[in-house]
Amino acid sequence: QVQLVESGGGSVQAGESLRLSCAASGRTFITYGMGWFRQAPGKERESVAAISRGGSSTYYADSVKGRFTISRDNAENMVYLQMNSLKPEDTAVYYCAAASGASLNGVYYRDQNYAYWGQGTQVTVSS
């Protein structure tokens with residue numbers, strides 16, 4: 001089992017950057033595929049980015065490609081989401097999630113693949 005705690009959210013102007021962090025508990029972090037999701041008011045939760053266990057494979061939603069970067073530090077049990085050139089449509093609660101039983105190079109963009117979720121961190125981008 002793993003517990004996830006996100007941080008780094010906040011309110012920024014369009015065009016600015018934020019870096020979200022997700023701290024994971026436990027000694028088996030490297031066995032989990034990791035992902036970031038977001039949910040805006042009145043909308044369904046959507047996948048933003050995902051990263052494989054070792055970090056060699058990544059996935060990005062089309063809406064964030066070229067602007068967001070997912071990374072992980074397995075030595076520190078951390079996963080990050082660097083968000084650049086933020087837009088008002090990026091406003092949402094962002095969630096970190098862990099997928100157990102992940103293959104070495106697997107990246108997962110469906111929330112059904114994720115068993116563990118953080119509490120979320122709010123990102124607000126104003127124009």
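None of the values given here were measured: they were computed from a predicted structure.
A continuous path of hydrophobic side-chain contacts links Y94 to Y32 [ILVMFWY only; heavy atoms under 4.5 Å]. There is a path of hydrophobic side-chain contacts, each under 4.5 Å, that joins V93 to W117. Transitive grouping of hydrophobic side chains (ILVMFWY, heavy atoms separated by less than 4.5 Å) brings M83 and V125 into a common cluster. Under a hydrophobic-cluster definition in which Ile, Leu, Val, Met, Phe, Trp and Tyr are linked whenever side-chain heavy atoms come within less than 4.5 Å, directly or via other members, V107 and Y116 are assigned to different clusters.
For S25, the side chain to side chain contact (heavy atoms under 4.5 Å, CB included) partners at least two apart in sequence or on another chain are V2, Q3. Looking at residues two or more places apart in sequence or on another chain, you find a side chain to side chain contact (heavy atoms under 4.5 Å, CB included) between A23 and M78.
Residue S52 holds its OG atom at 6.5 Å from CG of L104, rounded to the nearest 0.5 Å. One distance of note links OH of Y60 with CD1 of I51; it measures 6.5 Å at 0.5 Å rounding. Atom CE of M34 sits about 11.5 Å away from atom CG of L81, to the nearest 0.5 Å. Taking CD from E6 and OH from Y95, the interatomic distance works out to 8.5 Å, rounded to the nearest 0.5 Å. Atom-to-atom distance recorded for Q119:CD and L4:CG is 9.0 Å, nearest 0.5 angstrom. Here S57 contributes atom OG and I70 contributes atom CD1; the two are 11.5 Å apart, rounded to the nearest 0.5 Å.
Listed here is the closest heavy atom pair of S127 and A14: CA-CB, 4.3 Å. Between F29 and N74, the shortest heavy-atom contact is CE2-OD1, 3.2 Å. L86 approaches L18 most closely through the heavy-atom pair CD1-N, 3.8 Å. Smallest separation of non-hydrogen atoms from S100 and A115: OG-CB, 4.4 Å. When all heavy atoms of Q82 and S17 are compared, the pair lying nearest together is NE2-CB, 3.9 Å.
Checked by atom type and distance alone, the side chain of N77 pairs as donor or acceptor with a backbone atom of G26 at under 3.5 Å. No side-chain donor-acceptor contact under 3.5 Å links R19 to the backbone of Y80. With R72 contributing its side chain and G33 its backbone, the two residues share no donor-acceptor pair below 3.5 Å. Side chain of R67 to main chain of S85: a donor-acceptor pair is present (N/O by atom type, distance under 3.5 Å, no hydrogens or angles). In this structure a side-chain-to-backbone donor-acceptor pair under 3.5 Å is missing from T28 to T31.
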TODO: Report the C-alpha distance between T91 and Q122 in whole Å, list the side-chain angles of each, state the deciding distance to 0.1 Å, and finish with yes or no for side chain to side chain contact (heavy atoms under 4.5 Å, CB included).
DONE: CA-CA 8 Å; T91 295; Q122 176 71 46; 4.0 Å; yes

TODO: Test S21 against E76 for side chain to side chain contact (heavy atoms under 4.5 Å, CB included), laying out the working first.
DONE: CA-CA 11 Å; S21 299; E76 297 294 331; over 6 Å; no

TODO: Walk me through it: do Y108 and S103 pass the test side chain to side chain contact (heavy atoms under 4.5 Å, CB included)?
DONE: CA-CA 10 Å; Y108 307 97; S103 62; 3.3 Å; yes

- [ ] Please lay out, stage by stage, how D111 and Q39 fare under the test side chain to side chain contact (heavy atoms under 4.5 Å, CB included).
- [x] CA-CA 12 Å; D111 55 6; Q39 187 167 22; over 6 Å; no

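Taking the side chain as every heavy atom from C-beta outward, V64 and R38 approach each other to under 4.5 Å.
Salt bridge annotation for D90-K87: absent, with no cationic side-chain nitrogen under 4.0 angstrom from a carboxylate oxygen.
Other residues, nucleotides and ligands contribute more than 12 heavy atoms inside 6.0 Å of the OH atom of Y59. Heavy-atom neighbours of E44 CD from other residues, nucleotides or ligands within 6.0 Å: at or below the threshold of 12.
Aromatic ring orientation, Y114 versus F37: perpendicular (interplanar angle above 60°, classes split at 30° and 60°).
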